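Numbers restart at 1 for each chain; the letters A, B, ... are given by sequence-line order, proteins then strands. Quick caveat, the model's predicted, so the values are computed rather than measured.
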Number of protein chains: 2
Amino acid sequence: MTLLAANILIVDDEQAIADLVEVYLKNENYNIFKFYSGKDALNCIENEKLDLAILDVMLPDVDGFSICQQIREKHNFPVIMLTAKEEEIDKITGLTLGADDYITKPFRPLELIARVKAQLRRFTKYNSSEPKQEEHLIAFSGLVLDMDTHECMLNEKKLSLTPTEFSILWVLCSNRGRVVSSEELFHEVWGDKYFTNSNNTVMVHIRHLREKMHDRAEHPKYIKTVWGVGYKIEK
Amino acid sequence: MTLLAANILIVDDEQAIADLVEVYLKNENYNIFKFYSGKDALNCIENEKLDLAILDVMLPDVDGFSICQQIREKHNFPVIMLTAKEEEIDKITGLTLGADDYITKPFRPLELIARVKAQLRRFTKYNSSEPKQEEHLIAFSGLVLDMDTHECMLNEKKLSLTPTEFSILWVLCSNRGRVVSSEELFHEVWGDKYFTNSNNTVMVHIRHLREKMHDRAEHPKYIKTVWGVGYKIEK
DNA sequence: CGTGATATTCAGAAAATCTTAAGATTTTAA
DNA sequence: TTAAAATCTTAAGATTTTCTGAATATCACG
């Protein structure tokens with residue numbers, strides 16, 4: 001694994017899913033190798049130096065399990081399986097054998113990213129002497145967000161955030177200095193899982209966040225409203 | 001045995017099992033030599049400096065006993081046998097033929113790792129002067145967990161934990177400071193072999209643990225619930 | 001001002017966790 | 001080997017926390 005960015009293989013015949021995963025992970029600065037079929041993926045496994053694979057269990061040609069086996073045979077990097085919730089348990093048991101982790105669809109983007117990072121961390125821990133830079137931690141001017149512990153500290157004081165609140169703040173912070181629209185926020189946090197026209201839900205959570213941060217909407221110190229565009233945290 | 005990592009031989013014709021064992025042990029930083037047949041393994045025994053072997057008793061070509069005998073004849077490192085539950089008689093025979101330990105399938109990852117470490121420890125104790133760092137003991141702020149004896153002490157008092165309880169606490173402690181999701185806990189403790197959608201089982205064990213630790217769910221001193229994410233033990 | 005965008009509030013819905021207990025399984029002891 | 005004890009799993013309902021959507025209020029900009 002290079003120090004700069006991990007190479008991640010994505011295989012899913014549902015193009016929408018694969019594309020989505022790609023977007024999320026590219027956003028995290030990973031190099032993506034994406035395929036809609038198992039056959040193409042196998043080729044990639046041989047020719048690229050990969051660091052992690054995300055495989056759909058059910059593929060039309062070569063199934064995820066076989067790919068996983070091939071990876072195990074000749075290579076050594078973590079494999080995360082994607083399974084639909086409805087798929088039969090027996091099937092999954094067999095198919096996920098040997099995978100390092102699995103995620104059931106539909107999943108939340110942040111969860112996916114967290115899992116990917118966890119695997120890369122766990123793996124590099126034993127395969128590199130580099131004191132990995134911590135990407136699961138965001139810290140600046142009195143605000144600390146820790147993906148591992150899901151903790152949030154604001155000026156030495158611990159804020160107890162709900163999962164959604166944490167996610168929203170995380171997205172805002174990792175895009176610090178840039179305005180993030182309600183829609184974008186919604187997509188980042190909830191994924192395409194739900195579609196709703198009302199961005200009101202986001203608003204309510206922003207409200208709660210500001211409350212917990214003692215941030216008044218009139219003079220928000222942290223989460224600023226940019227009229228007609230979205231929300232932003234100052235750099 | 002090198003100071004850095006032990007070389008471990010795995011032989012099992014059930015590829016899924018061999019792969020699984022490989023994953024678990026690689027995770028523990030061992031070098032793995034894996035084979036799906038006895039013949040290939042014999043070759044490896046001659047050419048590599050091995051520190052431990054994990055052998056399936058039932059192999060299609062050369063059986064585990066024979067391999068074990070060959071190891072005993074020319075080499076000197078511990079052998080752990082893998083046996084299916086039904087193979088009662090073989091178990092005994094295998095042991096008398098010189099295996100140092102045996103594990104019945106299906107096994108739990110933590111148990112496998114513990115046994116491997118125990119054997120390596122036992123062996124190196126007499127064959128090296130290096131005071132190997134002991135990873136089989138976790139101790140911090142009043143809590144002591146001993147993988148060898150499966151004992152747990154909390155503030156000088158011994159807690160009698162069931163195997164599952166011990167495993168869960170062990171995983172939580174070794175990931176202290178990080179939130180571990182129910183799913184992850186489940187994987188670590190039960191392995192990929194068993195699969196269940198309900199994390200309720202984990203929950204019940206957590207409950208029992210908290211009970212034994214006099215940890216109330218409202219104000220847990222030790223095992224904290226991180227809503228929507230998992231459980232965690234403070235650093 | 002008027003209009004559309006953002007805020008606030010709050011109650012019901014949904015989701016996650018906790019508790020309990022009964023039955024299944026495994027281990028231990030006799 | 002069998003009986004007893006210990007442990008594990010599962011399920012159902014209770015509880016707690018979190019999320020959502022509607023109704024209303026407020027604000028910024030023209």
Return the nearest nucleotide to the side chain of [X]; candidates are [options].
X         : options                   : result
Met203(B) : dT6(C), dC18(C), dC10(C)  : dC18(C)
Thr201(B) : dT18(D), dT10(D), dC10(C) : dT10(D)
Asn200(B) : dC8(D), dA12(D), dT17(C)  : dA12(D)

Using a heavy-atom cut-off of 4.0 Å across all strands, would you classify Tyr231(A) as base, sugar-phosphate, or nothing? sugar-phosphate
Report the distance from atom [atom1] of [X] to atom [atom2] of [N], rounded to the nearest whole Å.
X         : N       : atom1 : atom2 : value
Arg207(A) : dA23(D) : CZ    : P     : 20 Å
Lys212(A) : dT18(D) : NZ    : C1'   : 9 Å
Leu159(A) : dT18(D) : CG    : P     : 14 Å
Lys232(B) : dT17(C) : NZ    : C1'   : 17 Å
His205(B) : dT20(C) : NE2   : P     : 17 Å
Glu183(A) : dT6(C)  : CD    : P     : 9 Å
Glu165(B) : dC8(D)  : CD    : P     : 6 Å
Ile206(B) : dA16(C) : CD1   : C1'   : 14 Å

Phe166(A) vs His150(A) aromatic rings, parallel, tilted or perpendicular, using cut-offs 30° and 60°? parallel
For the residue pair Trp190(A) and Phe186(A), categorise the inter-ring angle as parallel (less than 30°), tilted (30 to 60°) or perpendicular (more than 60°). parallel
Do Glu234(A) and Lys224(A) meet the salt-bridge criterion of a basic N to acidic O distance under 4.0 Å? yes
Salt bridge or not for Glu165(A) and Arg210(A), using N-O below 4.0 Å? no
Would you mind telling me which residue lines up with the more 5' stretch of DNA chain D, Leu161(A) or Trp227(A), judged by nearest nucleotide? Leu161(A)
Can you tell me if the side-chain N/O atoms of Thr162(B) get under 4.0 Å from OP1 or OP2 in dA6(D)? no
Nearest-nucleotide comparison on DNA chain C, the residue closer to the 5′ end among His208(A) and His208(B): His208(A)
Tell me which of Ser182(B) and Glu211(B) sits closer to the 5' end of DNA chain C, going by the nucleotide each one is nearest to. Ser182(B)
Donor-acceptor contact below 3.5 Å, side chain Thr149(A) vs main chain Glu151(A): yes
